[in-house]
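In what follows, chains are A, B, ... by sequence order, proteins preceding strands, each numbered from 1.
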Number of protein chains: 2
Amino acid sequence: MQTTGPDFDRVFAALGDATRRDIVRRAIAGVEGVAELADHYPMSFAAVQKHVAVLERAGLVTKQRSGRRKVVRTHVEGLRAAQRLLDRYEELWRGRIDRMTALITTTKERNK
Amino acid sequence: MQTTGPDFDRVFAALGDATRRDIVRRAIAGVEGVAELADHYPMSFAAVQKHVAVLERAGLVTKQRSGRRKVVRTHVEGLRAAQRLLDRYEELWRGRIDRMTALITTTKERNK
DNA sequence: ACGCTATACAACTGTATGGTTGTATCAATG
DNA sequence: CATTGATACAACCATACAGTTGTATAGCGT
């Protein structure tokens with residue numbers, strides 16, 4: 001399994017901030033520019049711009065020119081990469097449960 | 001939708017470090033103590049202990065006394081909370097696609 | 001060309017974080 | 001009960017990060 005890979009660091013760290021998660025959510029609609037996003041938060045334009053840059057480096061959003069604006073869109077594949085990693089943990093977990101169940105079963109069998 | 005809630009901050013931030021993700025993975029087996037975990041990484045015992053504490057605060061692992069050791073186990077519900085949030089983003093994404101598709105369809109209808 | 005709007009980026013500040021070493025607690029064992 | 005092993009915690013350092021302000025670039029409207 002691969003728990004390393006520089007991008008998981010960036011993806012999860014990027015998601016570890018409530019403002020950035022909210023930007024991801026809003027950017028699903030894919031219609032707002034950076035300034036419009038910034039209006040939703042109690043911080044400067046530059047701060048929001050930095051958050052967007054973090055999300056962009058993590059591959060969670062992309063920016064696309066549209067006139068003088070840059071529209072921010074969430075890049076769903078980035079989210080899916082994170083989901084897949086969590087899914088693999090779940091599989092490992094289920095595997096462990098199965099092994100424990102098997103162990104208990106065979107023990108019972110032996111004790112019959 | 002709720003993207004806030006203090007725990008998502010902690011959960012995702014905790015997962016944003018490769019060492020901690022590896023600890024989560026190893027702790028699925030649920031047999032190693034802190035010292036045993038620490039042997040796997042090129043850092044001090046105290047550093048690993050801090051990582052475990054971060055994971056514990058995020059609700060991703062629990063520690064259980066076993067003799068003089070404390071066995072670290074991953075708490076799968078913490079992982080599932082993160083998964084569910086990502087799932088909701090996916091749903092929003094699909095909803096957007098559906099709406100776009102509907103828009104295109106009705107546009108075509110109108111142009112018939 | 002000029003001004004206005006949206007974005008980008010650099011420099012700075014305070015605080016959080018990852019790492020270290022050293023000391024303290026607690027449980028098993030001789 | 002003194003020692004050893006496993007864990008916990010505090011103090012400290014270096015670096016990263018979230019926020020700020022200020023300046024620079026790019027595109028639109030007049």
Side-chain angles (χ1 to χ4, degrees), chain A residues 3-4 6-24 26-27 29-75, chain B residues 3-4 6-24 26-27 29-75:
Chain A
T3 51
T4 54
D7 289 341
F8 285 119
D9 277 25
R10 288 210 174 92
V11 169
F12 285 114
L15 291 172
D17 179 284
T19 302
R20 286 195 291 258
R21 285 195 303 278
D22 198 65
I23 291 174
V24 166
R26 291 196 128 97
V31 295
E32 294 186 299
V34 183
E36 285 144 320
L37 284 172
D39 284 341
H40 301 300
Y41 310 104
M43 63 186 78
S44 69
F45 172 82
V48 172
Q49 192 173 290
K50 275 194 184 182
H51 282 304
V52 172
V54 168
L55 290 168
E56 202 175 11
R57 251 175 277 133
L60 287 169
V61 307
T62 58
K63 281 184 285 192
Q64 191 180 338
R65 257 245 119 79
S66 163
R68 75 181 80 180
R69 298 181 321 135
K70 279 202 177 170
V71 174
V72 181
R73 297 194 154 84
T74 98
H75 180 61
Chain B
T3 51
T4 54
D7 289 341
F8 284 119
D9 277 24
R10 289 212 173 92
V11 169
F12 285 113
L15 291 173
D17 179 283
T19 302
R20 286 195 290 258
R21 286 195 303 280
D22 199 64
I23 291 173
V24 166
R26 291 197 128 97
V31 296
E32 294 187 300
V34 183
E36 285 143 320
L37 284 172
D39 283 340
H40 301 301
Y41 310 103
M43 63 187 77
S44 69
F45 172 82
V48 173
Q49 192 174 288
K50 275 194 184 180
H51 282 304
V52 172
V54 169
L55 290 168
E56 201 175 11
R57 252 175 277 133
L60 286 169
V61 306
T62 58
K63 281 183 285 192
Q64 191 181 337
R65 259 246 118 80
S66 165
R68 76 180 77 182
R69 298 182 321 138
K70 280 203 176 171
V71 173
V72 181
R73 298 194 153 83
T74 97
H75 181 61

Whole-Å distance separating the [atom1] atom of [X] from the [atom2] atom of [N]:
X: A/F12; N: C/dT17; atom1: CZ; atom2: P; value: 18 Å
X: B/K63; N: C/dC26; atom1: NZ; atom2: P; value: 15 Å
X: B/E32; N: D/dG5; atom1: CD; atom2: P; value: 19 Å
X: A/R69; N: C/dC4; atom1: CZ; atom2: C1'; value: 16 Å
X: B/D9; N: D/dC17; atom1: CG; atom2: P; value: 16 Å
X: A/Q64; N: C/dA6; atom1: CD; atom2: P; value: 18 Å
X: A/L37; N: C/dT5; atom1: CG; atom2: P; value: 19 Å
X: B/D17; N: C/dG18; atom1: CG; atom2: P; value: 6 Å

Please tell me if [X] has a side-chain N or O lying less than 4.0 Å from either OP1 or OP2 of [N].
X: A/K50; N: D/dT20; answer: no
X: B/R20; N: C/dG18; answer: yes
X: B/K70; N: D/dA8; answer: yes
X: B/H51; N: C/dT17; answer: no

Practice problem: Output the residues of residues 41-48 of chain A in contact with DNA chain C, where contact means a heavy atom of the residue under 4.0 Å from an atom of the strand; sort by number or write none. | Solution: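 Listed by number, they are A/F45, A/A46.
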Quiz item: Between A/R65 and B/Q49, which has a closest nucleotide on DNA chain D that is more 5'?
Solution: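 Comparing both residues, the 5'-ward one is B/Q49.
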Practice problem: Check the pair A/L60 / A/L15 against side chain to side chain contact (heavy atoms under 4.5 Å, CB included), numbers first and verdict last. | Solution: CA-CA 9 Å; A/L60 287 169; A/L15 291 172; 4.0 Å; yes
Quiz prompt | Result of checking A/I23, A/T74, A/T62 against A/L55 for side-chain contact (heavy atoms from CB on, under 4.5 Å) | solution =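 The side-chain contact (heavy atoms from CB on, under 4.5 Å) with A/L55 is passed solely by A/I23 among A/I23, A/T74, A/T62.
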Closest non-hydrogen atom pair between [X] and [Y], with its separation:
X: A/V54; Y: A/A14; value: CG1-CB, 4.0 Å
X: A/L37; Y: A/V52; value: CD1-CG2, 4.4 Å
X: B/R10; Y: B/A58; value: O-CB, 3.6 Å

[atom1]/[X] to [atom2]/[Y] distance, rounded to the nearest 0.5 angstrom?
X: A/Y41; Y: A/H51; atom1: OH; atom2: NE2; value: 9.5 Å
X: A/E32; Y: A/R26; atom1: CD; atom2: CZ; value: 6.0 Å
X: A/T19; Y: A/H40; atom1: OG1; atom2: NE2; value: 12.5 Å

Could you list, one pair per line, each protein nitrogen or oxygen that sits under 3.5 Å from a nitrogen or oxygen of nucleotides 28-30 of chain D, together with the distance?
{"residue": "D/dC28", "atom": "O4'", "partner": "A/R68", "partner atom": "NH2", "Å": "3.0"}

Could you list the donor-acceptor pairs under 3.5 angstrom formed between side-chain atoms of residues 65-72 of chain B and any protein atom two or more places apart in sequence or on another chain?
{"residue": "B/R65", "atom": "NE", "partner": "B/G67", "partner atom": "O", "Å": "3.2"}
{"residue": "B/R69", "atom": "NH1", "partner": "B/E36", "partner atom": "OE1", "Å": "2.4"}
{"residue": "B/R69", "atom": "NH1", "partner": "B/E36", "partner atom": "OE2", "Å": "2.9"}

